[in-house]
> 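Just passing along the structure, written as structure tokens.
Each residue takes its place number in the sequence, starting with 1.
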Amino acid sequence: VALEKATTITVTISGTINNQWISWDDFSIRAVDTQVKMSISDAKYSTFIAPFDVEIPEGVTASKITGVKGNVLTEETVEGTIPANTPVVLYSEAPVSQTFSGQSLATADAYTVGLLTGTYVDYQTTANTNTYALQNHDGKVAFYLVGESAQPWIRANHCYMVYEAAA
């Protein structure tokens, strides 16, 4: 059985044949690795979340978005490893396309840390009105307010920003 997120599995083995107990030898449950892709285009920025710890590749900067001062985001740089279920903004001068594998520690479809919400559900999560999606408009990469007429789909292992104050 393939599982898409962390799930508790209970196995019960019981019964008798002719008043004899049944036993199984070599019974095992194996956790299957989950794969996630980190990609940063020539726009230099992307968002990312993984259900396991990910070592930050050389040349990539990862930051948690902790707040807003005026119209500038405040951030906390993540050093060395992005912790499981932590949504971040990535920056790299050069494009990045790297796949990571690990055992999922996710128990939910989405996680929020600071102002970022990361999702594990591919193209089933939209950035709702009054949230912000990272977009490239005419070469300017920023978090743009999502309007009522355009609610972009958020890909799995990516994030959107929730900021409720007038911006």
Side-chain angles (χ1 to χ4, degrees), residues 2 4-6 32-167:
E4 293 186 17
K5 62 182 181 180
V32 177
D33 281 351
T34 299
Q35 290 190 331
V36 296
K37 184 174 183 179
M38 176 187 286
S39 58
I40 305 171
S41 71
D42 58 1
K44 300 182 182 180
Y45 289 92
S46 186
T47 60
F48 181 74
I49 186 171
F52 47 82
D53 294 349
V54 170
E55 186 175 332
I56 300 169
E58 188 172 332
V60 174
T61 302
S63 301
K64 293 186 255 181
I65 303 302
T66 57
V68 177
K69 288 186 181 178
N71 65 349
V72 177
L73 298 174
T74 57
E75 60 186 295
E76 178 185 320
T77 302
V78 177
E79 299 290 336
T81 301
I82 301 167
N85 305 318
T86 303
V88 294
V89 172
L90 302 174
Y91 174 80
S92 176
E93 282 292 323
V96 173
S97 180
Q98 191 167 345
T99 301
F100 299 92
S101 296
Q103 298 211 358
S104 177
L105 302 175
T107 57
D109 290 339
Y111 287 85
T112 300
V113 175
L115 299 180
L116 289 179
T117 297
T119 182
Y120 294 124
V121 181
D122 202 19
Y123 292 109
Q124 293 182 14
T125 301
T126 57
N128 296 319
T129 302
N130 296 323
T131 62
Y132 295 77
L134 186 67
Q135 299 175 347
N136 185 351
H137 289 201
D138 299 322
K140 185 175 181 182
V141 179
F143 281 96
Y144 289 93
L145 180 63
V146 175
E148 289 187 32
S149 62
Q151 294 182 339
W153 291 98
I154 305 300
R155 296 186 327 254
N157 305 106
H158 288 271
C159 315
Y160 58 96
M161 187 174 70
V162 179
Y163 184 63
E164 309 241 346

> Residues in ring-ring contact (aromatic ring centres under 6.0 Å, His included) with Tyr45, at least two apart?
Tyr91

> If we only count heavy atoms from C-beta on, is the Arg155 to Ser39 side-chain gap below 4.5 Å?
yes

> Holding to side-chain contact (heavy atoms from CB on, under 4.5 Å), I want the full list of residues that pass it with Thr112, two or more places apart in sequence or in another chain.
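Thr112 satisfies side-chain contact (heavy atoms from CB on, under 4.5 Å) with Thr117 only.
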
> Tell me every residue that passes ring-ring contact (aromatic ring centres under 6.0 Å, His included) with Tyr144, counting only those two or more places apart in sequence or in another chain.
His137

> If I take atom CD from residue Gln135 and atom NZ from residue Lys140, how far apart are they, to the nearest 0.5 angstrom?
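That separation rounds to 13.0 Å.
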
> Could you work out, with side-chain hydrogen bond (donor to acceptor under 3.5 Å, both in side chains) as the rule, every residue matching Ser97, not counting sequence neighbours?
Lys37

> Would you give the length of the straight line joining atom NZ of Lys64 to atom CD of Glu76, rounded to the nearest 0.5 angstrom?
4.0 Å

> Considering non-hydrogen atoms only, spot the tightest contact between Ser104 and Pro51 and give its length.
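So the minimum-distance heavy-atom pair works out to OG-CB, 3.3 Å.
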
> Taking side-chain hydrogen bond (donor to acceptor under 3.5 Å, both in side chains) as the definition, give me every residue that meets it alongside Ser41, ordered by chain and number, with sequence neighbours left out.
none

> Which heavy atom of Ala50 sits nearest a heavy atom of Val36, and at what distance?
CB-CG2, 3.9 Å

> Heavy atoms, side chains only, cut-off 4.5 Å: are Phe100 and Pro57 in contact?
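Sidechains of Pro57 and Phe100: in contact.
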
> How far does SG of Cys159 sit from CG of Leu116, to the nearest 0.5 angstrom?
5.5 Å

> side-chain contact (heavy atoms from CB on, under 4.5 Å) for Met38 and Val54? Distances and angles first, verdict last.
CA-CA 10 Å; Met38 176 187 286; Val54 170; 4.3 Å; yes

> Would you mind telling me which of Leu134, Leu115, Leu145 makes a side-chain contact (heavy atoms from CB on, under 4.5 Å) with Met161?
Leu115

> Name all residues meeting the side-chain contact (heavy atoms from CB on, under 4.5 Å) criterion together with Thr74; count only those two or more places apart in sequence or in a different chain, and write none if there are none.
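Thr74 satisfies side-chain contact (heavy atoms from CB on, under 4.5 Å) with Thr66, Lys69 only.
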
> Show me the pairs that pass side-chain hydrogen bond (donor to acceptor under 3.5 Å, both in side chains) and involve residues 79-90, at least two apart or across chains.
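As it turns out, the side-chain hydrogen bond (donor to acceptor under 3.5 Å, both in side chains) pairs with a partner in residues 79-90, which skip direct neighbours, are Asn85-Tyr120.
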
> Using modelled atom types and a 3.5 Å cut-off, is there a donor and acceptor pairing between side-chain atoms of Asn157 and backbone atoms of Ile49?
yes

> What distance do Tyr111 atom OH and Leu105 atom CG have between them, rounded to the nearest 0.5 Å?
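Nearest 0.5 Å value for the OH-CG distance: 8.5 Å.
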
> Not counting sequence neighbours, list each pair that qualifies as a salt bridge (charged side-chain N to carboxylate O under 4.0 Å, His left out) and has a residue in residues 84-93.
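As it turns out, the salt bridge (charged side-chain N to carboxylate O under 4.0 Å, His left out) pairs with a partner in residues 84-93, which skip direct neighbours, are Lys44-Glu93.
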
> Would you check if Leu73 and Tyr163 make a side-chain contact, meaning some heavy-atom pair closer than 4.5 Å?
no

> For Ala62, which residues count as a side-chain contact (heavy atoms from CB on, under 4.5 Å) partner, sequence neighbours excluded?
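For Ala62 the side-chain contact (heavy atoms from CB on, under 4.5 Å) partners, ignoring immediate neighbours, are Ile56, Val78, Ile82, Val88, Leu90.
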
> If I take atom CZ from residue Phe48 and atom CD1 from residue Ile40, how far apart are they, to the nearest 0.5 angstrom?
9.5 Å

> Filter on ring pair (Phe, Tyr, Trp, His ring centres under 6.0 Å), then keep only pairs touching residues 60-80, sequence neighbours left out; what's left?
none

> Name all pairs fulfilling the ring pair (Phe, Tyr, Trp, His ring centres under 6.0 Å) condition that reach into residues 52-80, sequence neighbours left out, sorted by first residue then second.
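Every candidate ring pair (Phe, Tyr, Trp, His ring centres under 6.0 Å) pair involving residues 52-80 fails, so no pair, neighbours aside, qualifies.
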
